[in-house]
Amino acid sequence: MSALRFICQRCSQPLKLSWSMETSREPADSTLVSAEGEPGEAQEGGPPFTEEADFENLQDGASSRILPSGGMSWDQFNNFTLLGNLGSLRTLNNIQKAIGDISDILSGETDVNHPVCVDCTDNLLEQLDAQLTITESEIQNYKRCLETREWISEDDREMLQKKLKDLELEEARLVRELEGVEQNRERAAADLEAAQAETEMLDQQEKQHQKDYSTLKWQQLELHDELSSVEKRLWYAQIQQDQLEKTSVFHATFEICHDGPVGTISNFRLGCLRTVPTCWDEINAAWGQAALLLLALSNTVGLEFQRYQPVPCGDHSYLKSLTDDHTELPLFSNGKQSVFLHNKYDQAMMAFLDCMQQFQEAAEKAESGLCFPYKIHVEKGLMEDPGDSDGFYSIRTHLNTEEEWTRALKLMLINFKHGLTWVSLRYRAK
């Protein structure tokens, strides 16, 4: 018996023919074998035919298609596959013809390729049963419709025909409405597309406006910070201005104190006592500050001196004569004055009182006139104190004591302090 094998055309599983099919083909095989001779014998006039040669020819003929399962098939004549080795001596043509006849008988009029396995056959039968059931149901429905048509009268048939026409008209109307709806839908789709494009454009504009708004907001914050800074600076400047308005430049520049026995100007002592010894460099510096103050006060009231002009030069200040260009009276000394009556240091101090007297006269002519608390006697070089019993103090060093000279200088500085106050009040009012 041969070991011929097939493959299922639906699930591609190997098949084995049934025993009845094998036995039914055995006589034909034996006849085929007897006709061809014993194995290993060559026919008369032809080449020897062996099992190996037959198997090689069969494999060469089946090599047109190799399946994934390892089998071989013939695509030109049928769609089944041979598996394994042939156990008997048969020709390839006879095998093909026998298998083709069997496949044609099994296939019949169906479009299912054979052979198929048992499971696929059952599945196929179930599908055919379902189709048969549906077909039988449709036949019954058709029969009932035919029977019902025979029972319907002519009037009912006309009424149904009229309903059918009405339904056809309704269908046509609905089709027209559907066409209108479709056109409206197309227009709505076009409008939607345009609206989407416009929305996209508006979104881009919104993003750009948001960027512009953020930029402007940032600039606003920067300007707000700058404005706050300017307002604070302005507030600080206003405070400084108020303080400066309340501050006298003369009082700030020239600080005159007279609490003790010796008067001071800008922290320089003007005078000397045995109890309060003062070096001449400090006294000379104090005279320089006094000359600078007198010149500033005279410029404030627009005074032009007539005989002497103060020239402040620190601790070497002097008075320049306006009548004689070569005369200069020093407001500094080393403590070794001349014993004569009219030494230049005493003349300079008396000329300084003359300039101070001219300033007092110019200030008294103003709206709020200036009045010094201590009177000045320029001719004698004296300072008069109305509240003192002695009353007069000489500003010269000749034939004078240190106490009286220091007292006269202190009274002069007190007059300067009143002059500073008068100037400050006057220009603050302006």
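Everything quoted here is computed from the prediction, not taken from an experiment.
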### Message
Taking the side chain as everything from C-beta on, heavy atoms only, tell me whether L244 gets closer than 4.5 Å to Q241.
### Response
no
### Query
Distance-only, no hydrogens or angles: does the S228 side chain make a donor-acceptor pair with backbone N or O of H224 under 3.5 Å?
yes
### Query
Can you tell if the side chain of E403 reaches within under 4.5 Å of the side chain of L273, non-hydrogen atoms only?
yes
### Task
Kindly say whether L295 contributes a backbone atom to a donor-acceptor pair with the side chain of N299 at under 3.5 angstrom?
yes
### Side chain T278, main chain G271, donor-acceptor under 3.5 Å
yes
### Task
Taking the side chain as every heavy atom from C-beta outward, state whether C313 and F332 have any atom pair closer than 4.5 Å.
no
## Note on the structure
Of all heavy-atom pairs linking L270 and I283, the shortest is CD1-O, 3.9 Å
### Query
When you measure from the side chain of D385 to the backbone N and O of L411, does any donor-acceptor pair fall under 3.5 Å?
no
### Message
Do T199 and D203 make a side-chain contact, defined as non-hydrogen atoms from C-beta onward lying under 4.5 Å apart?
### Response
yes
### Query
With the threshold set at 4.0 Å, does a side-chain nitrogen-carboxylate oxygen contact exist between E328 and K344?
no
### Query
With no hydrogens and no angle check, do the side chains of Q127 and Q131 hold a donor and an acceptor under 3.5 Å apart?
no
### Query
Can you check whether F372 and H418 have ring centres sitting under 6.0 Å from each other?
no
### Message
Checking the side chain of S229 only, and the main-chain atoms of D225 only, is there a donor and an acceptor separated by less than 3.5 Å?
### Response
no
### Task
Please determine if E154 and R157 form a salt bridge, counting it only when a charged side-chain N lies under 4.0 Å from a carboxylate O.
yes
### Query
Around atom CD of Q240, are there more than 12 heavy atoms of other residues, nucleotides or ligands at under 6.0 Å?
yes
### Message
Any heavy-atom pair between the side chains of Y318 and P310 that's under 4.5 Å?
### Response
no
### Query
Near Q205 CD, under 6.0 Å, is it more than 12 heavy atoms from other residues, nucleotides or ligands?
yes
### Query
Do the non-hydrogen side-chain atoms of M383 and N415 ever get within less than 4.5 Å of each other?
yes
### Task
Spell out, as yes or no, whether a donor-acceptor pair under 3.5 Å connects the side chain of S266 to the backbone of F254.
no
### Message
Once you measure the plane-to-plane angle for W287 and F352, does it fall in the parallel (<30°), tilted (30-60°) or perpendicular (>60°) bin?
### Response
perpendicular
### Query
Is the closest basic N to carboxylate O distance between K165 and E168 below 4.0 Å?
no
### Query
Counting distance only, does the side-chain N/O of S317 pair as donor-acceptor with the main-chain N or O of G314 below 3.5 Å?
yes
### Sub-4.5 Å side-chain heavy-atom contact between E231 and L227
yes
